[in-house]
Structures are given as C-alpha cells and as structure tokens.
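All remarks here apply to the structure that follows.
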Amino acid sequence: MRPIDLRSDTLTTPTPAMRRAMAEAEVGDDVYGEDPTVNRLEEEAAALLGKEAALFVPSGTMGNQIALLLHTHRGDEVWLEAESHIYWYEVGGLGSLAHVQPRLIFGRNGKFGPQDLEALREPPDIHRPRPRLLCLENTHNRAGGVVWTVGEVEEVAAAARRLGLAFHLDGARLFNAAVALKVKPSVLAAPFDTVMVSLSKGLAAPVGSLLLGSRDQIGEARRWRKLLGGGMRQAGILAAAGLIGLREMVERLEEDHLHARILAEEMATWPGLNVDLSLVQTNIVKVTVAREDLDGPALSARFHEAGVKVSALGPRFIRLVTHKDVSRRDVEEALRRMKEAYRA
Ligand code: TLP
C-alpha cells in the first residue's frame with residue numbers, strides 16, 4: 001500500500017518540466033554573481049513581488065534569519081506572534097544567531113491588530129532592549145494556514161511605522177494566501193520592508209527560498225548569506241526549478257485548497273475531533289483531538305499504520321497539508337483509510 005503523505009507541502013517532488021529545466025540550466029558561479037539562471041530567478045521574483053531586489057537562499061529558515069540579522073543589532077527586541085515559525089521552528093536562531101530577544105504577541109489564530117502592538121509600547125528606558133523589528137506570517141502555519149487579508153496587514157504596517165519598527169514577512173506560503181484572496185502577491189508584499197517566500201513548498205521546487213527587499217538590503221543580505229555558508233556556486237540548477245515554480249505552479253494551489261476543504265469537512269464530522277472550518281482557508285487542516293483516550297501523537301501513529309502520514313504538532317493537535325503530489329483520488333482514499341483507523 002502506497003502511503004499518502006500529508007505531513008507537509010515540503011514533501012513535493014519536482015515536476016518533469018522542472019527536471020528538464022534543471023538538466024538544461026545555464027549556470028555560472030553565483031558567488032561571483034555570474035549564474036544567469038539565478039539572476040533571472042531573482043529578477044523575476046523581485047518583479048512579481050514588487051521589490052527592488054531578491055536573493056536566492058537555500059531555505060526559508062536562512063531567509064528569515066538573514067532578515068533578523070539585517071534589521072537588528074544584538075540585544076534588540078523582535079516582536080512576533082507566539083505561534084510563529086521564526087519562534088517555534090528555527091532552532092532558536094533568534095537567540096543563537098541574531099542575538100535578539102523575542103517579545104511575543106499572543107494573537108488570535110495567528111493574527112493580531114494594531115491594538116496588540118500599542119499594548120506592547122513602552123517609553124524609552126535605559127533598562128530595556130530596543131524594539132526594532134516586527135515579523136508577521138502569511139499564511140500562518142501553526143494556526144492552520146490562516147490568511148492575513150490586505151487590509152489587516154496594512155493596519156498592522158501603519159502601527160509598525162508609528163512604533164518605528166521594521167517589518168518582515170515570513171511568506172513561506174505567501175502564494176497560497178494570494179491565491180486564496182485572489183490578489184497579486186505584490187499587493188500582499190507591499191507593506192513590508194523585507195519578504196521571504198519559499199519555492200520548495202507548494203510550488204514544488206526541490207530546494208530554495210527568496211529574500212526580497214531594497215537593493216541595499218539585499219546587497220547586505222548577500223554578505224550574510226555568504227557568512228552562513230549559503231553561497232552556492234552553480235545554483236542555477238536549483239534556480240531553474242524555482243523559475244518554473246513561480247511561472248507555472250502558483251495558480252494550481254487552488255486545487256490544494258479545495259482538497260484541504262474536502263478533508264476538513266469530512267473530519268469535522270468525526271466525533272471526538274474538532275476542526276474549525278472557518279480557519280481552513282488554504283492547504284492546511286488543523287485538527288484538535290478532543291478525546292481523553294487518544295492524543296495527537298497516538299492518532300498520528302494510528303493513521304500512519306493505516307497508510308496516511310500526518311504531523312502531530314502538539315499533544316492535542318495534528319496537521320494535514322495538501323500539495324501537488326496528493327490527487328483528489330488520494331484525498332478520498334486517505335479519508336477512507338483514516339476513517340477506518342479512527343473507528344477501530
Ligand atoms: N515549515 C515546515 C517545518 O519547518 C515546520 C513545514 O513543514 O511546515 N516559515 C514558515 C511559515 C514555514 O512553514 C517554514 C517551513 C519555514 C519558514 C522554513 O522553511 P525551510 O523549511 O525552507 O527552512
């Protein structure tokens with residue numbers, strides 16, 4: 001039985017067109033700035049997201065970490081939502097790499113408003129770290145793929161400006177947000193100083209993310225990338241797949257969103273599981289296990305045995321992520337297998 005893998009959209013494999021483009025990619029040494037395919041990817045991404053410049057980085061984690069390094073000095077304060085990826089899943093880089101101190105915003109389903117920022121404002125005081133940077137995540141991963149709308153982002157951006165904070169977007173799944181809202185990604189990216197987007201999730205490239213911002217910031221980011229060991233030489237082989245991701249794989253995300261909806265609507269009817277359907281807005285389904293006799297890891301293990309892989313992201317919560325390697329038929333088969341295992 002072939003397992004159906006719903007753990008993450010990072011599991012997507014490159015398309016045949018990507019593999020062909022990778023084999024044929026024109027390459028050079030990107031540390032010298034001489035890889036034509038990387039340069040093309042960076043130019044196209046900058047145009048698509050409405051920023052002056054872009055930098056191809058090996059991972060979303062590196063893109064976010066470089067943003068922290070760009071905007072802050074050691075000892076500064078970074079404001080970010082309590083469930084955000086930068087806080088939860090970047091191996092403590094806030095402290096160990098950027099030497100900054102997080103100030104957590106306890107959001108509602110990953111989101112917050114200007115009033116939450118105003119509540120954190122303090123008068124200048126020699127005892128306190130300097131607040132420098134605000135980060136926001138769109139879509140929000142741990143909240144279950146929740147989308148920030150353009151208006152919500154703009155309101156928070158205005159508050160950040162009032163507070164003198166730089167503004168960074170963890171847009172690992174920004175294209176999912178854009179497709180769900182039917183807006184251009186550049187509109188969602190506009191209020192931010194820097195933006196990270198991933199090519200290796202729903203867009204199916206094997207490796208890579210982009211950090212975008214002003215020409216000066218990206219010039220500086222290039223130095224940080226080199227320091228972190230992310231200068232990749234003939235990286236055009238990878239960028240070739242990323243270009244196809246940007247050009248051909250964005251619109252189809254709609255299909256993943258539909259599949260998430262199908263999973264969510266069915267699982268919401270299973271007694272003992274809670275799925276807030278209003279939060280199922282993109283390709284992630286967050287399921288809360290509300291049974292005494294079963295927790296998230298145990299349920300995930302049971303599904304796994306039945307041939308469906310999901311992630312347990314906490315004692316009471318599992319996550320299912322749809323992506324291009326999961327077809328409509330796979331979704332139906334996954335539901336069949338999980339239902340049987342759940343009832344047992
Ligand atoms: N998320 C991964 C894991 O790290 C949890 C996943 O499976 O969802 N920002 C956001 C919002 C992300 O979801 C991720 C990856 C990243 C940044 C980091 O990207 P990579 O994995 O390329 O370092």
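Just follow the structure's listing: the first ligand is 1, and inside any ligand the first atom is 1.
Grouped with Ile284 in one hydrophobic cluster are Val321, the linkage being side-chain heavy-atom contacts under 4.5 Å among Ile, Leu, Val, Met, Phe, Trp and Tyr residues.
Residue Trp224 qualifies as open at atom CH2: its count of foreign heavy atoms under 6.0 Å is 12 or below.
Hydrophobic clustering places Phe56 together with Leu212 (ILVMFWY residues linked when any side-chain heavy atoms are closer than 4.5 Å, directly or through intermediates).
Protein neighbours of ligand 1 below 4.0 Å, counting non-hydrogen atoms: Ser8, Ser59, Gly60, Thr61, Asn64, His85, Tyr89, Glu90, Glu137, Asn141, Asp170, Ala172, Arg173, Met196, Lys201, Arg319.
Proximity of a side-chain donor or acceptor of Asn283 to a complementary backbone N or O of Thr322 within less than 3.5 Å is detected.
Applying the ring-ring contact (aromatic ring centres under 6.0 Å, His included) test to every pair with at least one member in residues 324-344, sequence neighbours left out, gives these pairs: Trp270-Tyr342.
Evaluation of the ring pair (Phe, Tyr, Trp, His ring centres under 6.0 Å) rule for Phe317 yields no partner, not counting sequence neighbours.
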